[in-house]
Amino acid sequence: MIFEELGHIEEAELEAQSRFERRIHVCAAAGCLASGADAVKEALSGELQSTGLEERCQMVGVGCMGLCSRGPLVSIQPDNVLLAQVRAKDAKEVVGTLGKKPPKRLACPSDLPFFKRQLKVVLENMGRIDPERIEEYIAVGGYSALHKGLTEMTSQEVIDEVVKSGLRGRGGAGYPTGLKWSQLSKESSPIKYVVCNADEGDPGAFMDRSVLEGDPHRVLEGMILAGYATGATQGFIYVRAEYPLAIKRLNLAIKQASRLGLLGHNICGTPVSFGVEVRVGAGAFVCGEETALMASIEGGRGTPRPRPPFPTQSGIWGRPTMINNVETFANIPPIIRNGGKWLAEIGTEKSKGTKVFSLSGKVVNTGLIEVPMGITLREIIFEIGGGIPFGGKFKAVQTGGPSGGCVPDSGLDVPVDYESLSHLGTIMGSGGMVVMDDSASMVDVARFFLDFSRHESCGKCIPCRVGTVQMHGLLDKIAANRATSEDLAMLEELCDLVRKTSLCGLGQTAPTPVVSTLRHFREEYLSHLSGKA
Amino acid sequence: MPTSVKVKTLRIDGRDVSAREDQTILEVARENDIWIPTLCHLDGLSPVGACRLCLVEIKGSTKLLPACVTAVEEGMEVSTQTEGLESYRRMILELLFSERNHVCSICKSNGHCEMQTLAQRLGLTHIHFPYRYPSLPVDLSHELFGMDHNRCILCTRCVRVCAEIEGAHVWDVMGRGVDARIICDLNQPWGTSETCTSCGKCVHVCPTGALFERGRSASEMDKRPEFLPYLTLMRRAGGE
Amino acid sequence: MILPPEKQPMPSDDKRWRLVATAMRRHGYKSHGLIESLHSIQETFGYVSEDALKFTAKMLRVPLSQAYGVASFYHYFNLKPLGRHSCVVCRGTACHIKGSAQILSDLEQLFAVRVGETTEDGSLSLLSAQCLGACGIAPAVVLDGVVMGRAEAESIVHRVEEVVAA
Ligand SMILES: Cc1cc2nc3c(=O)[nH]c(=O)nc-3n(C[C@H](O)[C@H](O)[C@H](O)COP(=O)(O)O)c2cc1C
Ligand code: SF4
Ligand code: FES
Ligand code: FES
């Protein structure tokens, strides 16, 4: 195929779609599937058939619509009707009321703050297209950024736009993406690799999963552009095995893109070549760390190694390698389509664009959201999230998973950006956001994360391997009201040691949940010491 | 002749020293009789930077860096013996002592153990972390050697010497975290190994009494890892 | 004598080994295909046996200890066969906050099995995962491959009982 044919595919697809009066979107992402979306889709299809409406109404399985707590979700377009908690037995009623007022029981107003306060860049196609059909992606403008990048821009210009956008890595640390790309592009090695980090090991995070399941081509498009910009010709996507649906859809997407010549040798008749391979992780959180991830791709134990050398200098098989997060890549196509300046206008001075969060825990609306940087935590939890269920009282919100900390009530009005969150003693992290009400014990939360870290420690370096175990033991002792103030002092000493001396990010950040809860909820620890709690 | 190597000058503990550009901080420090404690490092084996005892401070960096793998840089100012570093080093050793069952008095390596020597040198007097007392096996199935997991500190010197020097790769690490353990082949008794050549290199590079020659009693097992740099040197010379 | 991978004898005449060998060929019998090979073994046989490890090590020319080291590093690989049914309880943050610990301990008690193990009669393997990515419907439990969301301790335990008894 050549790029101009993209236009034909787009036209043909739009034309095919216009033959239908309506599209019924049924969420086919993990959350809704677990709530029975498959049965709903089948029942709706059956109903359309038996009422002879199947010619006029198109059934589409789509990616996550966000409001996972009220799944299975169904939306009807162009009527802009959203139905929540639909059951298979509702099919008759749903089809019967098409084009009319939807059943009240199921209708979910689409002007809820949950939807209105969001700003969708990365998730723009979520819930709108069938992730298993490349034609649908193309019909909403997919691969036009690639077309533009490869035919109208030099690789340096692509990098320049990414730099201009101010995009920072969404995998946790917030490293400027444009800078990383130009570092790789300066390496002279004939073989370079681009890796998409889809290991998403943070418990409480499912953003990357949703993007891969709902809009896989977007990530591929971002990766191919990265390959072009940096001179890398081979890409890997490292996905955790716990995400079988994401793996399936990625493989499908790769096959479809290759068939159209959007991947492989001489992409669409240009001199650019780029291939992508999926590598499946196997249940090790530490493999999200760059050097461990590379060791795992090489087929070994996922143990990190000291940096420098950094991956962009010496990575997989000693070749320069650049690793970016799923959401980072997903930001690339709109940046190239609309220009870097466009993204830079969203967000705060140092944190540009939007951020996808997975909102979960004790909050009314759990699910997937995307908000502009700079929004406050309070807006996220109380407006978008709808507050604490059952009239409960907010206690803390945990961000950044096992590497992050808890923010108390007093921090809720701080804008969400990399720097502000780190001043609060936590991190942006990859986007997990777990809300806790006043039934949560902060010592227990810290102990929970230390339990996680000690099991996920690779065991290579001593401070993390033994330190996390000792810290967990001390937290156990505190939780059981058996600890003394010396124990607490020892715990703080260990926090400092493990943080400063561990080899990789896992150990260096493992104490954060303890440090942060000690900072904001010290009295809770103390009450355990005196045996009062 | 190797192509001309650049020389770098740097400062370690206030002393100006010069180094080849491909040297690590540890190498340069040793050449200048500046002592930096090490455990996982062994001349002649690939460096792993795992034990964290050789961490040093570098002016201008908030991170502590392992001297054994960090390359020298022009104008670098390194401190190897600050109070903070010494306290970290003692704590790391303490963690090691608390991890498994290190009872020196009945150890074959008593008096010849690198970990024991380090503890003395760093002024470690008592272990204030609780001991874990895991129950770990002793493998006496090999006719010449034994492996006592109670004394293993997972430095992986045995793994590396066997894979990199002997070329047999009998040893590796299984599991992860605190449950990690050194294994022989498919986690089987040493005596049943089909790959072990009984060369004994692993025994001599082991810094503690975990790997030992059988038939020696407490305090008798002294080790001679000095063969290694010699061996690698000879190989390199042979290869050139 | 070292045989080329194509000539290596299969561990048994079970036809499924061919599937595994195909996965290895896809990676050119290179050592970097080790994890992918283990995935294919587990998919085919349900677990990674000692024979499978030996076979893989030979085919990919990886030392035995390295093959074992890798297989045991990744918690996704089972080195022992699983029971007839499997139940994975998520222990991630969102699920923890919503009471997954209770579900786990109830199941442990009822079936007299510890998490990560299989009941004596081989009927059920009780496993846990660190976040299944279904936090929006926490707590999440996967019973024989089917995800169940918003799991309440009582109804889950009941459901597992039913499935195991059937
Ligand atoms: C223990 C550990 C786990 C990590 N897990 C992930 C992960 O699951 N996904 C991810 O994108 N980055 C993860 N990271 C961060 C990556 O190492 C890396 O910084 C990131 O993928 C870079 O991409 P970015 O620049 O696009 O953020 C992890 C880091 C550490 C230390
Ligand atoms: S900090 Fe933890 S995970 Fe990282 S290398 Fe050390 S032991 Fe492994
Ligand atoms: S000697 Fe440098 S980290 Fe062990
Ligand atoms: S925490 Fe259980 S699915 Fe994420």
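Since this is a predicted model, take the numbers as computed values, not measurements. Chain naming here is simple, since letters A, B, ... match the order of the sequence lines and numbering starts at 1 in each.
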Give the member of Cys40(B), Gly175(B), Ser87(B), Pro47(B) that has the highest number of heavy-atom pairs under 4.5 Å with chain A.
Gly175(B)
Looking only at heavy atoms, the pair that brings Arg132(B) and Val469(A) closest together is NE-CG1, 3.8 Å
Starting at CZ of Phe129(B), measure out to CD of Glu493(A) and round the result to the nearest 0.5 Å.
6.0 Å
Quick one: closest heavy-atom pair of Ile462(A) and Cys51(B), and the distance?
CD1-O, 3.6 Å
Residues 294-303 of chain A vs chain B, non-hydrogen distance cutoff under 4.5 Å, contacting residues -> Arg301(A)
If one checks every heavy atom of Asp487(A) against chain B at 4.5 Å, the contacting part turns out to be neither
Measuring heavy-atom distances to chain B, does Thr468(A) have an atom under 4.5 Å in its side chain, in its backbone, in both, or in neither?
neither
Within residues 147-159 of chain B, contacts to chain A at heavy-atom distances under 4.5 Å involve Ile153(B), Leu154(B)
Do you know which of Arg305(A), Lys500(A), Glu486(A), His455(A) has the most heavy-atom pairs with chain B at a distance under 4.5 angstrom?
Lys500(A)
Close side-chain approach of Val466(A) to Ile92(B), heavy-atom, < 4.5 Å:
no
Distance (rounded to the nearest 0.5 Å) between Leu494(A) CG and Met91(B) CE:
5.0 Å
Quick one: closest heavy-atom pair of Val48(B) and Lys460(A), and the distance?
O-CE, 3.6 Å
Over all heavy atoms of both residues, which pair between Gly49(B) and Pro306(A) is shortest? Give the atoms and the distance, please.
CA-CG, 4.2 Å
Heavy atoms, side chains only, cut-off 4.5 Å: are Ser502(A) and Arg52(B) in contact?
no
Under 4.5 Å, heavy atom to heavy atom, which residues of residues 64-86 of chain B contact chain A?
Leu64(B), Val69(B)
Check each atom of Gln508(A) against the heavy atoms of chain B and say whether the ones under 4.5 Å are side chain, backbone, both or neither.
side chain
Identify the residues of residues 176-190 of chain B whose heavy atoms come closer than 4.5 Å to a heavy atom of chain A, ordered by number, or report 'none'.
Arg176(B), Gly177(B), Val178(B)
